[in-house]
**Student:** 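Dropping the structure in here first, questions after.
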Amino acid sequence: MNDGQQDGGFFKSPLQANTKNGSALVILYHDNLESILDTVVKNAGTIVQPIFRFPGGCRFRFTEPSGNALSVWSET
């Protein structure tokens with residue numbers, strides 16, 4: 001992806017970073033969880049745990065197309 005501000009994105013890999021495999025869970029921040037959840041789904045991400053509240057805010061968990069587990073949180 002290149003939006004003119006930042007280069008990045010995901011690629012298909014046979015390896016997976018997943019907490020089930022002993023990997024750390026990478027948690028990203030976004031100020032609008034509903035918007036970024038829609039973006040994850042539109043880009044072939046799979047929602048593993050829908051938006052939920054926890055002390056400190058809200059978050060959701062997903063896997064990207066290669067199966068790597070990630071989470072996104074927000075203070076609201």
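What you see is a predicted model; the values in this text were computed from it and never measured. By convention here, the first residue in the shown sequence is residue 1. All values below were derived from every heavy atom in this structure, side-chain atoms included, with hydrogens, water molecules and symmetry-related copies excluded.
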**Student:** Who are the side chain to side chain contact (heavy atoms under 4.5 Å, CB included) partners of Thr39, not counting sequence neighbours?
**Tutor:** Ile36, Asn43
**Student:** Is any side-chain heavy atom of Val72 less than 4.5 Å from a side-chain heavy atom of Ile27?
**Tutor:** no
**Student:** Return the set of residues passing side chain to side chain donor-acceptor pair (under 3.5 Å) with Arg59 (not counting sequence neighbours), or none when no residue passes.
**Tutor:** none
**Student:** Quick one: do Val41 and Ile47 satisfy side-chain contact (heavy atoms from CB on, under 4.5 Å)? Show the steps, please.
**Tutor:** CA-CA 7 Å; Val41 171; Ile47 304 304; 3.8 Å; yes
**Student:** Please walk me through it: do Leu28 and His30 pass side-chain contact (heavy atoms from CB on, under 4.5 Å)?
**Tutor:** CA-CA 7 Å; Leu28 308 168; His30 196 280; over 6 Å; no
**Student:** I'd like to check Arg61 versus Leu25 (side-chain heavy atoms, cut-off strictly below 4.5 Å). Are they in contact?
**Tutor:** yes
**Student:** Given Thr63 and Asn68, is the side-chain contact (heavy atoms from CB on, under 4.5 Å) satisfied, shown in steps?
**Tutor:** CA-CA 5 Å; Thr63 56; Asn68 297 301; over 6 Å; no
**Student:** Using a 3.5 Å distance criterion without hydrogens, assess whether the side chain of Ser74 forms a donor-acceptor pair with backbone atoms of Cys58.
**Tutor:** no
**Student:** Applying side chain to side chain contact (heavy atoms under 4.5 Å, CB included), name anything that partners Asp38, two or more places apart in sequence or on another chain.
**Tutor:** none
**Student:** Are any non-hydrogen side-chain atoms of Tyr29 and Trp73 less than 4.5 angstrom apart?
**Tutor:** yes
**Student:** Are the side chains of Leu33 and Phe60 in touch, meaning some heavy atoms are under 4.5 Å apart?
**Tutor:** yes
